[in-house]
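In each ligand, atom 1 is the first atom listed, and ligand 1 is the first ligand listed.
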Amino acid sequence: MRCRCPALKDLFAASCPEVLPPASVRTLYTAQLMIVTIDGVAASGKSSVSGGVARALGVPYVSSGLLYRAATLLGLEAGLDLHDAPALLAHLQTHPLRLEPLAEGNRVWQDGRELTDELHSTRVDRGVSVVAVLPEVRAWVDAQLRALPSPFVAEGRDMGTNVFPRAGAKFYLTASPHIRAQRRAQERPEDVPAIEAALIRRDELDRVQSAPALDAVVIDTGPLTLDGVIQTILAQLPEQVTSA
Ligand SMILES: Nc1ncnc2c1ncn2[C@@H]1O[C@H](COP(=O)(O)OP(=O)(O)OP(=O)(O)O)[C@@H](O)[C@H]1O
Ligand SMILES: Nc1ccn([C@H]2C[C@H](O)[C@@H](COP(=O)(O)O)O2)c(=O)n1
């Protein structure tokens with residue numbers, strides 16, 4: 001197909017000037033342009049910030065980590081070896097999970113049972129990094145995320161790099177392990193040193209899939225309030241996202 005529309009020509013500058021991609025690929029590209037990705041290290045504020053940005057935009061946010069956590073919980077409950085990808089996948093096929101992406105908080109369901117409140121327990125925290133490195137489980141999560149209708153804000157580790165590489169805006173949140181542990185200690189029974197040690201361990205385990213996209217804006221949330229981070233992101237969103 002010849003490229004006649006200047007706006008589309010700009011949009012596909014990488015694959016134009018002569019030929020536009022087929023319609024189905026074009027639809028996928030434009031759908032991704034209405035997605036904002038917010039990645040970052042553990043407890044850097046991804047879900048709180050994504051929720052705030054999503055509410056300001058009037059769209060849902062999608063917490064990809066919850067799907068890894070739910071897969072882990074089901075594996076633990078079934079007594080499976082968390083390294084055993086075929087067994088985990090088979091279990092997920094027979095016990096399908098549903099992510100409900102709402103601006104006020106994501107929920108995860110397995111049939112009629114809500115799993116959400118059980119997904120941030122210490123045992124799931126300990127097991128999830130094992131499950132999240134399994135390529136088969138990653139492919140399963142990615143397929144669920146890519147099936148969701150945009151616009152939305154997607155948070156996780158590889159939203160901007162792997163799952164939605166053509167997202168309209170990408171951000172990556174960081175903060176020192178100590179600051180993240182102090183924040184987490186407000187909501188967990190463990191003390192700051194124990195949480196900090198666990199966060200450092202998880203940073204290391206998640207390191208490979210948690211690199212920022214080359215075109216992501218990296219924000220050190222250490223000196224910022226939650227609202228400060230949200231406003232920093234909102235101020236940098238391009239028009240195609242804010243008018244979606
Ligand atoms: N800029 C900030 N200032 C103060 N507290 C914050 C800030 N950002 C996040 N928090 C608090 O830090 C804690 C962790 O935030 P949140 O759960 O959103 O992080 P996360 O990156 O989604 O975590 P996880 O990786 O475990 O899913 C929460 O208590 C949240 O309210
Ligand atoms: N896109 C993602 C999202 C999450 N993970 C991993 C990283 C953690 O080990 C785990 C839970 O994530 P959290 O709830 O802490 O954000 O899932 C990932 O690898 N890729």
Side-chain angles (χ1 to χ4, degrees), residues 35 37-54 61-73 75 82 99 104-106 108 115-116 118-146 148 153-165 167 170-188 190 192 195-196 198-213 216 219-233:
I35 295 172
T37 60
I38 302 182
D39 290 306
V41 290
S44 55
K46 298 180 300 295
S47 39
S48 319
V49 169
S50 299
V53 170
Y61 85 93
V62 173
S63 175
S64 57
L66 288 185
L67 284 174
Y68 289 103
R69 288 175 176 278
T72 306
L73 178 68
L82 295 184
L99 179 70
E104 61 270 22
N106 280 215
V108 182
L115 307 180
T116 319
E118 298 167 64
L119 298 180
H120 282 90
S121 65
T122 304
R123 71 176 182 143
V124 172
D125 274 0
R126 287 206 188 104
V128 67
S129 298
V130 174
V131 171
V133 296
L134 301 173
E136 297 88 341
V137 175
R138 299 200 73 76
W140 173 83
V141 169
D142 295 352
Q144 303 222 15
L145 298 172
R146 291 190 184 119
L148 296 169
V153 177
E155 64 98 345
R157 298 300 197 289
D158 62 343
M159 298 298 98
T161 48
N162 174 45
V163 185
F164 302 116
K170 300 179 184 178
F171 299 89
Y172 189 90
L173 307 185
T174 66
S176 72
H178 188 64
I179 287 185
R180 287 182 278 142
Q182 283 177 323
R183 291 172 178 166
R184 259 292 183 252
Q186 310 292 319
E187 49 185 24
R188 298 272 169 105
E190 293 93 347
V192 173
I195 297 175
E196 188 174 343
L199 282 174
I200 292 171
R201 226 174 14 253
R202 276 184 63 201
D203 285 354
E204 182 51 31
L205 292 168
D206 294 338
R207 194 171 44 82
V208 173
Q209 66 266 27
S210 194
I219 302 173
D220 178 3
T221 74
L224 298 171
T225 62
L226 185 52
D227 193 52
V229 182
I230 294 167
Q231 296 308 325
T232 301
I233 289 177

Purely on distance, is any nitrogen or oxygen of [X] under 3.5 Å from one on ligand 1?
X	result
R202	no
S44	yes
V49	no
L224	yes

Among A43, G156, G65, which residue places a heavy atom closest to atom 4 (C) of ligand 2?
-> G65
Option whose closest heavy atom lies nearest to atom 6 (C) of ligand 1, chosen from K46, R180, R184, R183 = R183
Just heavy atoms, cut-off under 4.0 Å: does D206 contact ligand 2 by side chain, backbone, both, or neither?
-> side chain
Out of L115, V108, D125, V131, which one pairs with R69 under the side-chain contact (heavy atoms from CB on, under 4.5 Å) rule?
-> D125
Does ligand 1 have an atom that lies less than 4.0 angstrom from a heavy atom of R69?
-> yes
Has A43 got any heavy atom lying under 4.0 angstrom from an atom of ligand 1?
-> yes
Give yes or no for whether the N/O distance cutoff of 3.5 Å, strictly under, is met between R157 and ligand 2.
-> yes
Give yes if a backbone or side-chain nitrogen or oxygen of H120 is under 3.5 Å from a nitrogen or oxygen of ligand 2, and no if not.
-> no
Among side-chain atoms of R183 and T221, is any donor-acceptor pair under 3.5 angstrom?
-> yes
